[in-house]
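Keep in mind the model is a prediction, meaning the values are calculated, not measured.
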2 protein chains.
Amino acid sequence: MDLQRIKYFLALAEQLHYWKTAEKVNITQSALTRQIQSLENELGLQLFERNKRNVKLTPAGKFLREKWEVELNELEYIHQFAKQIHLGERGTITIAHPDSISASIMPDILAKITQAFPQLQIKLVQVLYENQLDFLKNYKIDLAITRDITSEQGVKSKKIYHDHLALVVPLEHAFKNFEDLSKESLKAQKFILPTKDEGSSYSEIIQSLFKSYDFVPDVYLHSEFGSTIIALVRKGLGIAILPDSYMHHQSPGLRFIPLPFKTDILINWRADDHNPVLANILKLVFGD
Amino acid sequence: MDLQRIKYFLALAEQLHYWKTAEKVNITQSALTRQIQSLENELGLQLFERNKRNVKLTPAGKFLREKWEVELNELEYIHQFAKQIHLGERGTITIAHPDSISASIMPDILAKITQAFPQLQIKLVQVLYENQLDFLKNYKIDLAITRDITSEQGVKSKKIYHDHLALVVPLEHAFKNFEDLSKESLKAQKFILPTKDEGSSYSEIIQSLFKSYDFVPDVYLHSEFGSTIIALVRKGLGIAILPDSYMHHQSPGLRFIPLPFKTDILINWRADDHNPVLANILKLVFGD
DNA sequence: ATTTATTAATGCGTATTTTGCATTAATGGA
DNA sequence: TCCATTAATGCAAAATACGCATTAATAAAT
């Protein structure tokens, strides 16, 4: 059954006149007659009571007119919706991101996305560094924003940003600026650092920082969670090294001392993910 | 858009394999390929991600699969329903009938109808004799069961039953049987009769009854409503002449004395009413 | 009662669309 | 590197839809 036929039927049901209806829907009266006839045959019922003079809906015709009207509208809406999905204007995307950038880069990115595609559903999740790739490959997340460089097969990666490391100390701490740091002064400190992860570029940068001062830090606590580390530093339990993005969090009682070490922020996604939503978001993130 | 195409799509969305799907829906793989292609063109979106080896739904395809499944089921249900309307198995019919037969013929008729067409909606109404034809012609009722013969243009009529007149008296009344009636005994009575209606065959029969005894009755009260008349008779306010169908009503305290006068019960309907429900009901009523 | 105007149905030739067959081209696995 | 699998495509045939002209039925006008 062709939906066009149903549209012809609806037009005729309104006009109740073959000629006028045919003109209105831009076919000849003969074609309209046959369309209605084949519709009736297909359904095995009569839609119109008609003689050579009058056209009138049968009870079944009246019923179908009402129902089809609704169904056609629904279908049209569905098709529009599907088109939006196709264009990447509708849909859901799950993004993992580190806590550190949740007050700096993430708000920028999210603002861009919601402005350009207000219909998109965005799910934000936090995933341990070690799980990110797994989650990506298993479709638990679609996009991973991370500080780790990956050369995993099937995962594409691109740098979108960078920030610097900073030494985080309580306000009353002796360290005021970068020049206060030395092998000796550092040796006296207790450190709270991120979980040491083999192959994590972020950890490596911190290691190379310590190497540049030629000493091994006294690390008595590891945490993957920046907010935990910050809380501990504020309580005077040690000092930390964190990306300076944390300065954007509201963190009174702390001093950030910038260090000359860059950390990259990358965005990872499945190479074979053809979801138009992803394409749109990547375009948006790389666009400027 | 052809619904058949959507069915092909749904089949392919399940199998994700052109050859197998084509076989299943009894067309060739080439035809299926083109059906899907034209569906995609028509919608302006991609339904499947495919290379020469794999077939996979796009997000829009997934969405449409889900929605179309529902819509197609709805449409199928609607078409079945319409078919039932066409066959006169579904629908509504409004029937007017006199109060007198509501405990005798009507239950029989209604039992027949609901047994044969359990899905039918029947509306029963009581209409004054004088309004019946108007209501019929103005589509307020579809069927009028009445005691009046009509030769109205455009209204068909057929006798379906007859009953007899009966004299209705209180139990303690002197009249016990037909032989007690005479010109003199009748003259002493007060009568409660139906509203006298010009051209009403029912009234005419009652008139001819009185003529056969050659007297003019003392009628001090008219009512169109049999139940009213019966209540008045029971209270001793007079005697009445009613169809003996009223005997089927539960009416203690009354005696029905049968009279040798028949009244016909007819069924009227619009000659140009092609509602299949009506046809079915007429067939049922006349069928035996 | 007869004529006229209107209008849905239909026969027929043409145009369009769909289909099946055979082939091609891409791709994953041996 | 070869082979098997499989979606896409060129082409001719079949099916379907369409428009034009005509027909037949009927309501309105005379």
Mind calculating the distance between CG (A:N54) and P (C:dA8) to the nearest angstrom? 9 Å

Using only modelled atom types and a 3.5 angstrom limit, is any donor from either the side chain of B:R53 or the base of D:dT6 paired with an acceptor on the other? no

With no hydrogens and no angle check, just 3.5 Å: does a side-chain donor-acceptor pair link B:T33 and B:Q37? no

Out of curiosity, A:L124 CG to A:M106 CE, how far, rounded to the nearest 0.5 Å? 5.0 Å

Does any donor-acceptor pair link the side chain of B:T28 with the base of C:dC21 at a separation under 3.5 Å? no

Distance check needed: C:dT19 P versus B:I36 CD1, whole Å only. 11 Å

At their closest point, which heavy atom of A:E49 faces which heavy atom of A:Q46, and how far apart are they? CA-NE2, 4.0 Å

For B:F117 and B:L284, which heavy atoms make the closest approach, and how far apart are they? CE1-CD2, 4.2 Å

Between C1' on C:dT17 and CD on B:E42, what's the gap in Å once rounded to a whole number? 13 Å

Could you tell me whether the side chains of B:T146 and B:Q132 share a donor-acceptor contact shorter than 3.5 Å? yes

Measure up the B:F63 and A:F81 rings against each other and bin them: parallel (under 30°), tilted (30 to 60°), perpendicular (over 60°). parallel

Check this one for me: any side-chain N or O of B:R5 less than 4.0 Å away from OP1 or OP2 of C:dT18? yes

Calculate the interatomic distance between A:E23 atom CD and D:dC18 atom P; express it in whole Å. 17 Å

If you compare every side-chain N and O of A:T33 against the phosphate oxygens of C:dA8 (OP1, OP2), does one of them come in below 4.0 Å? no

Under-4.0 Å salt bridge between A:K67 and B:E74: no

Considering all heavy atoms of both residues, which atom of B:N280 and which atom of B:E89 are nearest to each other, and what is their separation? ND2-N, 4.2 Å

Between C:dT17 (C1') and B:D2 (CG): distance, integer Å: 12 Å

Does NZ or CZ of A:K56 fall inside the cone over A:F48's six-membered ring, less than 6.0 Å from its centre and within 45° of the axis? no

Tell me, which of residues 55-66 of chain B have any heavy atom that sits under 4.0 Å from an atom in DNA chain D? B:V55

Whole angstrom value for the distance that separates P of D:dT16 from CE of A:M1: 16 Å

Rounding to a whole Å, what distance do you find between A:N41:CG and D:dT16:C1'? 14 Å

Residue-phosphate contact under 4.0 Å: A:Q37 side-chain N/O, C:dT10 OP1/OP2: yes

Report yes if at least one side-chain N or O of B:R34 is closer than 4.0 Å to OP1 or OP2 of C:dT19; otherwise report no. no

B:N51 has an atom CG; how far is it from atom P of C:dG29, in whole Å? 11 Å

Look at the side-chain N and O atoms of B:Q35 and state whether any lies under 4.0 Å from the OP1 or OP2 oxygen of C:dT19. yes

I want to check a possible cation-pi pair here: A:R270 against A:Y139, using under 6.0 Å from ring centre and within 45° of the ring axis as the test. yes

Ranking B:S38 and B:Q29 by the position along DNA chain C of their nearest nucleotide, the one closer to 5' is B:S38

Which residues within residues 12-20 of chain B lie with some heavy atom under 4.0 Å of an atom in DNA chain D? B:H17, B:Y18, B:W19

